Amino acid sequence: MAFKEYGDYDAVGLAELVRKKEVSATELLYEAIARTTKVDPQINAIVVKHYDYAERQIERGLPDGPFTGVPFLLKDLDLLEGTRTTSGATVLQDFVADHTGTLAQRFLDAGVTIFGKSSSPEFGLMPTTESRLFGPTRNPWNLEHSSGGSSGGAGAAVAARIVPVAHASDGGGSIRIPASASGVFGLKPTRARNPLGPDRGEGWGGFACGHVVSISVRDSAVMLDAIHGPESSSPYVAPPPERPFSQEVGRDPGKLRVSFTDKSPYGDAIDPEIAAAVREIASLLAGLGHHVEERAPALAADPAAVMATIVGGNTALTVRLIEQRLGREMTQNDLEILTLAHSRNAKRTSATDYVAAQLAAFQISRSLASFFESCDVFLCPTLCAPPLRIGELNTMSNDLSHIAPILRRYMPGTSMFNMSGQPAMSVPLAWNKAGLPLGMMFSAKYGDEASLFRLAGQLEQVQPWKNRTPPICA
C-alpha cells in the first residue's frame with residue numbers, strides 16, 4: 001500500500017486527507033518507509049528505525065489531533081519509551097528509553113506516527129551532523145556537503161520529502177542551521193514556549209528549545225499550537241499568544257520596521273553570494289511595503305565565549321552522569337574527542353566563570369532588547385558561508401584548533417537569539433550558483449512569534465519554495 005501523491009502535501013494537508021478518509025494512516029506510513037528505503041541510503045538521515053512502534057500506534061488507534069496519521073521523526077536526543085535513543089554517542093548505542101519526554105508525548109498527542117529517529121551529532125554539539133557512531137548525514141542538494149546540525153537528520157529528511165515535518169531542537173542554532181543548509185523552514189520559538197521535561201526544566205542554561213523543521217510555514221504554526229505551553233515543573237513560562245499561531249499564517253503582517261545586515265556580527269567578510277541574497281530579500285521586503293533600513297545590533301559580549309562556557313559545563317555534567325551510571329571513566333572508545341575536550345575544559349572552569357558567562361549572556365540579551373525597541377524584525381543571513389563540506393569539522397581530531405575559526409566564519413549570528421530567548425526563523429529564500437540553499441534569518445521581539453509567522457506566510461506566497469526539490473527526489 002502506498003500513496004504516491006504524498007510529496008505534494010504538507011503535514012496539515014496529509015492529515016486532512018486522513019480525516020476525510022481519502023487515505024489511511026497506514027498508507028502514509030508505508031509511503032514514508034518506501035521513501036526512506038529509496039532515499040535514506042544516500043543521505044543517512046534516519047539512524048534509528050522503529051517501524052513497528054508506528055504500526056502499533058495505528059493498531060491501538062491514533063488520537064484525534066491536527067496531525068493524525070502523519071509520519072514523523074523524533075530527533076535522536078529525545079526520549080520515546082521503549083525505543084533506542086543514542087544521542088549520537090557510541091557509549092549509548094544500545095540505550096533504550098524507559099520513559100517518554102514531555103515534548104515527545106505532545107507530538108504523540110498531536111496524532112503523528114513516529115517511525116524513527118533522525119540523526120544528530122554527538123549530544124547535539126556541532127552545526128554539522130557527522131557522528132562517529134552513525135557517520136555523516138549528507139545534504140540532499142549536494143551529497144558532498146553537510147545538511148547542517150545539530151538537527152541535520154531532520155533537515156535532510158524533510159528536504160528529501162521523506163516526511164513533511166520533523167522534530168528539531170535548537171541550543172545555538174540547531175533548528176535554523178539545518179533549515180538553512182537543507183532548504184526548509186525552521187522556527188526557533190521563544191524561550192519556554194515548549195516544554196523540556198520531565199527530566200529537566202531548561203537546557204544549556206535556558207538557551208535550548210524544541211520544535212520542528214517543515215516544508216510549509218503553516219505546519220510549523222499548527223504544530224506550535226499543538227505542543228506549546230508549560231508543564232507543572234516548568235521554571236518559567238513564555239508570554240501567551242494573542243491568538244492561535246495558525247491564525248497568523250496568511251494574516252496581513254502590516255508595515256513592519258525591518259532592520260537588516262549582510263555582515264557577520266564580528267564584522268568579518270561573509271560569502272558574497274549570501275551577502276547579495278540578503279540585500280535582494282531586503283529589497284523584496286521594501287517592495288512589499290515594509291520600512292527597511294540597514295542597521296545591526298552592537299553586542300555587549302562575545303556569544304562564542306559564552307557558548308563555550310555554558311555548553312562546556314552542561315556537556316561535562318552529561319559525561320559525569322554517564323560515568324556514574326556505568327561506574328567507569330569515559331574514554332575515546334566511548335565518546336568523541338571533542339566531547340571529552342568540552343568536559344575536560346569545563347572542569348578547569350570555576351563556578352564564578354559559569355556565572356560570569358550567564359551575566360554576559362544577559363548583557364547580550366539586553367543589547368538586543370534595546371535594538372528591537374526601534375524595529376519589529378531583524379534580517380540577517382542564517383549562515384555566513386554555504387553549507388559545510390563533509391569532513392570540514394572533525395570531532396575526532398587530536399588537534400581541535402580548526403573548529404572555532406570555522407564556527408566563527410560559518411554560524412556567527414545564530415546563538416545570540418538563544419541567549420536572548422527571542423524567536424528566530426530561517427526561511428529558504430535563496431540558492432547559490434552551485435545549487436545549495438541559503439537561508440535567511442528573521443528574528444523578532446521576545447514572545448512575538450506572531451510577527452514572524454505573518455511575515456513568513458507572506459514570503460511563502462511571493463517567493464514559494466515548496467515545489468523546489470533536491471536532485472535525489474527526481
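Just so it is clear, the structure is predicted and the values come from calculations on it, not from any experiment.
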Counting distance only, does the side-chain N/O of [X] pair as donor-acceptor with the main-chain N or O of [Y] below 3.5 Å?
X: E460; Y: V217; value: yes
X: N194; Y: H211; value: no
X: S118; Y: G153; value: no
X: Q422; Y: A444; value: yes
X: T100; Y: E81; value: yes
X: E323; Y: M330; value: yes
X: N44; Y: F134; value: yes
X: T129; Y: G152; value: yes
X: S174; Y: S151; value: no
X: Q93; Y: L133; value: no

Does any non-hydrogen side-chain atom of [Y] lie less than 4.5 Å from one of [X]?
X: D170; Y: R176; answer: yes
X: Q57; Y: F115; answer: no
X: S150; Y: F123; answer: no
X: Y51; Y: T36; answer: yes
X: F245; Y: M223; answer: no
X: V163; Y: R35; answer: no
X: E248; Y: L452; answer: no
X: M440; Y: L459; answer: no

Taking side-chain hydrogen bond (donor to acceptor under 3.5 Å, both in side chains) as the definition, give me every residue that meets it alongside [X], ordered by chain and number, with sequence neighbours left out.
X: H145; value: none
X: S119; value: T137
X: D10; value: S216, R218

List the atom of [X], the atom of [Y], and the distance in Å for their closest heavy-atom pair.
X: P66; Y: V222; result: CB-CG1, 3.7 Å
X: V319; Y: L335; result: CG2-CD1, 3.9 Å
X: T414; Y: G172; result: OG1-O, 2.6 Å
X: L77; Y: S169; result: CD1-OG, 4.3 Å
X: A296; Y: T261; result: CB-CB, 3.8 Å
X: L79; Y: A97; result: CD2-CB, 3.9 Å

CZ/R344: more than 12 non-hydrogen atoms of other groups inside 6.0 Å: yes
Over 12 non-hydrogen atoms of neighbours within 6.0 angstrom of CD in Q324: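 Yes.
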At what distance, to the nearest 0.5 angstrom, does [atom1] of [X] lie from [atom2] of [Y]?
X: Q463; Y: L284; atom1: CD; atom2: CG; answer: 5.5 Å
X: T128; Y: I177; atom1: OG1; atom2: CD1; answer: 10.0 Å
X: I227; Y: R193; atom1: CD1; atom2: CZ; answer: 11.0 Å
X: S367; Y: L299; atom1: OG; atom2: CG; answer: 5.0 Å
X: H228; Y: C209; atom1: NE2; atom2: SG; answer: 14.5 Å
X: N142; Y: N139; atom1: CG; atom2: CG; answer: 7.0 Å

Criterion side chain to side chain contact (heavy atoms under 4.5 Å, CB included) on R191 and F207, from CA distance to verdict: CA-CA 7 Å; R191 175 179 295 143; F207 297 174; 4.2 Å; yes
Test log, rule side chain to side chain contact (heavy atoms under 4.5 Å, CB included), inputs N418 and K188: CA-CA 9 Å; N418 296 86; K188 179 197 83 68; 3.6 Å; yes
Summary of side chain to side chain donor-acceptor pair (under 3.5 Å) pairs that have at least one residue in residues 353-365, sequence neighbours excluded: N314-Y354, S350-D353
Pairs involving residues 436-447, ordered by first then second residue, that meet side chain to side chain donor-acceptor pair (under 3.5 Å) (sequence neighbours left out): none
Under 3.5 Å side-chain donor-acceptor pair for D76 and S120: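 D76 vs S120: no donor-acceptor pair found between side chains.
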Donor-acceptor pairs are to be reported for all side-chain atoms of residues 378-395 against protein atoms at under 3.5 Å, with residues two or more places apart or in another chain.
unit_1, atom_1, unit_2, atom_2, d
T382, OG1, S426, OG, 2.9
T382, OG1, G439, O, 3.2
T382, OG1, M441, N, 3.2
E392, OE1, R409, NH2, 3.3
E392, OE2, R389, N, 2.8
N394, OD1, M396, N, 3.0
N394, OD1, S397, N, 3.4
T395, OG1, E336, OE1, 2.6

Derivation of the side chain to side chain contact (heavy atoms under 4.5 Å, CB included) call for L407 and M307: CA-CA 11 Å; L407 299 187; M307 290 296 293; over 6 Å; no
Distance flag, aromatic centroids of F67 and F72, threshold under 6.0 Å: no
Pair L429-W465, side chain to side chain contact (heavy atoms under 4.5 Å, CB included): steps then yes or no: CA-CA 7 Å; L429 295 173; W465 56 82; 4.1 Å; yes
